[in-house]
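Written below as structure tokens is the structure these notes are about.
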Amino acid sequence: MSQLSLYRLRAQKLQLAVLIAFLLVLNVSHFVMQRYSVMQQADRLVELALEQPHETGARWLTASTGLILQLAPSNTHYIAMQNNDTVLYIDEAFIIKPTLWLYFTINSLLLLLILPIGLSWRRQRRARTSELVELDKSLHILEVKVEAVGDSSASFSQRLQKVSDQVNNLVRRDQEVRHLVRVQGLIDHELAIGNRVFFESKLQHYLSDVSEVGFGALFIIQLSHPETISSNIKPLNRLRGCVDILHGMASDYANTVIARLSDNDLVLLIAGLSAKDMEKLGDRMATLLSRASCFADCVDQDVLHIGYASYQRGQTSYQVLSEADMALKTAQLHGPNAAYGFVYDDRPQAKGSVWWRSELNKALQDHRFALSFQPVFSWQDRDILQHEVLIRLQSADGGYIPAAIFLPMAYNCGLACQIDQHVLLKTARLCAMDSRTFTRCSVNISIHSLLDPQWWQWLEHMLISGQLDPQQFALELTEHHLLRHYKTLKSKLLKLNKLGFSLIVDHVGLVIDNAVYVNELPLESVKLHPSVVRNIDQHLEQQLFVRGLIASYVGKGVRVIATGVELESEWLTLQKLGIAGGQGFYFSQPLNQIIAQGQIQ
């Protein structure tokens, strides 16, 4: 029997006992009251009888004769009462007393009155009991569920943590895959530098792009391994040691490319390197590399040879590589660890730093820096996204010197900050001269300006005075400089963005490195280096690079823009890859004025 059934049975027994006790108490109370009333009546009759004259002895008080003493009839019921020496027999008819019918009637009336009330109360109680039972069941079910949830909360939390870990792993894998896709066709995975395809595209860019320095040097470093070894671990370690040294030497120059041409051949390209510096660097490179610790275990000290050649704009990449290869073979004939090169001095004589300092100062005073604007087009919006501001120096003889020539000299002379200030103010004034709504202009800012406290003071003054409107500008920074000085530049770039300037990273793809800035800077756009765009329709490796780059930025809201677009086939391929915009001679030559949005049909 359940606990609830036992409770109900006990309740019913208790109710019956209470009812019987109530009736018993009621009847006993009524009987006692009636008995007391009878005794009072008897006492009254006795007093009346005693008041009358009588003889001693027994007396009968009958109801038929009133208060007359007589012998008791045989059919009369008397109550005997003793009073001193006299015995009185009182007729029961004189005394009003309860009868059995009276008790029956009273009890019946009480039952008829109590039972409906009791039954009604019992039904209500049962209803409340049922509700309580149902509530108890519901509470029990809820408790079971709560206990189940409580018991499973730990496992649920563990499952949730496991799912979160899986999601994080998938995100990391996705980023790794995208990075691999980005560089799969252009990187040498053993040395983490560019491969031959990567290098040839960069060389072709420097030989054909008029915006770059028109001359430079190319070095081929070939490692020799006279000892016979069954494993390529030692040659690979030696190549890695040479790459580390080359990176250190290349850090002193602005535009450099390091790549692997073949199994044992490394190549270094330095743009803007003069013939005199080329010879010095070749000898220094041969000395440092041959004495590197990675060759300490070599039996023969003839560990490498270096061949180098100068290049000029207009040459073909095949011609430059052939000359460097011939120089390498000549170096091998000269003996162990030799460096040899072919240097041509048919280009104009380079000016010295004194001449450049004087010329640039006069150009700033005379406002001889000419600005042009190259529009950036969006193929989706069929409109202009922005204009990149290009700068040229008008020399004293009336000719124009491209920025790739005079800007490196301005850096050396400490005038880069003043030129950046001049370009920003002149661009702002040109925009203010016309009331039309212009697209935003992007201006290249040098690393020297961003690291100069005086330039920051000037910028804040221009913003407070209203001479510069940050909403009109996007500031561009070269990826090579950003990666090299990222720890110092990060806070400054975040400050620029907080002031209202948009941030753009250009020359993306010129170097292959881990782009740590991707997830930490609020970039608006990144610009591909022209060497990545050149003949991209013919090179699957470059297409993989661009596709991986776009995939890595698509979730961050960063646009990828192609620069140096010259052919329709290049632009069509870039559109298929998902590029956001493009600029180059295919769209427009640099213009003397800004084109307003909505004017392109």
Show your working on salt bridge (charged side-chain N to carboxylate O under 4.0 Å, His left out) between R440 and E388 and close with a plain yes or no. CA-CA 9 Å; R440 189 178 45 202; E388 181 177 357; over 6 Å; no
Would L268 and I220 satisfy side chain to side chain contact (heavy atoms under 4.5 Å, CB included), going step by step from the backbone distance to the final call? CA-CA 7 Å; L268 170 64; I220 297 179; over 6 Å; no
Evaluate F215 against R313 for side chain to side chain contact (heavy atoms under 4.5 Å, CB included), listing each step before the verdict. CA-CA 6 Å; F215 62 92; R313 184 184 300 119; over 6 Å; no
Could you go through the side chain to side chain contact (heavy atoms under 4.5 Å, CB included) check for K556 and N519 one step at a time? CA-CA 8 Å; K556 301 177 177 63; N519 298 317; 2.6 Å; yes
Between L246 and I221, is the side chain to side chain contact (heavy atoms under 4.5 Å, CB included) condition met? List the steps. CA-CA 10 Å; L246 291 176; I221 303 98; 4.1 Å; yes
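Atom CG of residue L475 and atom CD of residue E524 lie 10.5 Å apart, to the nearest 0.5 angstrom. One distance of note links CD of Q418 with CG of N361; it measures 6.5 Å at 0.5 Å rounding. Separating the CG atom in L523 from the CG atom in L482 is a distance of 8.0 Å, to the nearest 0.5 Å. Atom OG of S310 sits about 13.0 Å away from atom CD1 of I270, to the nearest 0.5 Å. Note that CG of L451 is 4.5 Å distant from CD1 of I447, once rounded to the nearest 0.5 Å. Between N444 atom CG and I391 atom CD1 the span is 10.0 Å, to the nearest 0.5 Å.
Within a 6.0 Å sphere centred on CZ of R240, heavy atoms belonging to other residues, nucleotides or ligands number more than 12. Around atom NZ of K280, no more than 12 heavy atoms belonging to other residues, nucleotides or ligands sit under 6.0 Å away. Around NE2 of H247, the count of heavy atoms belonging to other residues, nucleotides or ligands within 6.0 Å exceeds 12.
In terms of modelled atom types and a separation under 3.5 Å, the side chain of R260 and the main chain of D263 share a donor-acceptor contact. Between the side chain of K202 and the backbone N or O of V532 there is no donor-acceptor pair closer than 3.5 Å. A donor-acceptor pair is defined here as one N or O able to donate and one able to accept, closer than 3.5 Å; such a pair exists between the side chain of R357 and the backbone of C413. Side-chain N or O atoms of S378 include none that pairs as donor or acceptor with a backbone N or O of G581 at under 3.5 Å. A donor-acceptor pair is defined here as one N or O able to donate and one able to accept, closer than 3.5 Å; no such pair exists between the side chain of R547 and the backbone of L577. Not a single donor-acceptor pair under 3.5 Å links the side chain of Q472 to the backbone N or O of L468. For N195 (side chain) and V197 (main-chain N/O), a donor-acceptor pair under 3.5 Å exists by modelled atom type. A donor-acceptor pair under 3.5 Å is formed between the side chain of H539 and the backbone N or O of N535. In this structure, the side chain of S358 does not engage the main chain of W355 through any donor-acceptor pair within 3.5 Å.
Checked for salt-bridge contact, R534 and E200 miss the test: no charged N lies under 4.0 Å from a carboxylate O. By the 4.0 Å N-to-carboxylate-O rule, E460 lies close enough to K495 to be salt-bridged with it.
Between V518 and V526 the shortest side-chain heavy-atom distance does not fall below 4.5 Å. No side-chain heavy atom of I504 sits less than 4.5 Å from a side-chain heavy atom of L477. Between T256 and L269 the shortest side-chain heavy-atom distance does not fall below 4.5 Å. Side chains of L496 and L450 form a contact here, defined as non-hydrogen atoms less than 4.5 Å apart. Here the side chains of L207 and T316 are not in contact, with every heavy-atom distance at 4.5 Å or above. You'll find the side chain of F295 reaches within 4.5 Å of the side chain of L223, heavy atoms only. For the pair V389/S442, no side-chain contact is recorded, criterion being any heavy-atom separation below 4.5 Å from C-beta on. Within the 4.5 Å cutoff, side-chain heavy atoms of T427 are placed close to those of F473.
Taking the six-membered ring where tryptophan is involved, the planes of H507 and H529 are perpendicular, since the angle between them exceeds 60° and thus also 30°.
Between the side chains of S446 and D420, at least one donor N or O lies within less than 3.5 Å of an accepting N or O. In summary, the side chains of D452 and S449 do not present any donor paired with an acceptor at a separation below 3.5 Å, with no hydrogens or angles considered. Between the side chains of Y308 and E279, no donor N or O sits under 3.5 Å from an acceptor N or O. Side chain to side chain, D265 and Q222 meet the donor-acceptor criterion of an N or O pair below 3.5 Å. Side-chain atoms of Y311 and E323 form no donor-acceptor pair, as typed in the model, at a separation below 3.5 Å.
Residues A259 and F199 come closest through the heavy atom pair CB-CB, 3.6 Å. Summarising the geometry of F198 relative to I258, their closest heavy-atom pair is CE2-O, 4.4 Å, with the distance given to 0.1 Å. Contact between P590 and F585 at its shortest, heavy atoms only, is CD-CE2, 3.8 Å. Between C294 and R238, the closest heavy-atom pair is O-CG, 3.2 Å. What you find for E570 and G564 is that their closest heavy atoms are OE1-O, 4.1 Å. Residues L574 and A562 share a closest heavy-atom pair of CD1-CB, 3.5 Å.
Partners of E476 under the salt bridge (charged side-chain N to carboxylate O under 4.0 Å, His left out) rule, at least two apart in sequence or in another chain, are K527. Take F501 and apply the ring-ring contact (aromatic ring centres under 6.0 Å, His included) test, not counting sequence neighbours, and it matches no residue. Every residue meeting the side-chain contact (heavy atoms from CB on, under 4.5 Å) condition with S588, not counting sequence neighbours, appears here in chain and number order: P375, F377, L591.
Checked against a 6.0 Å centroid threshold, the rings of Y411 and F406 do not count as neighbours.
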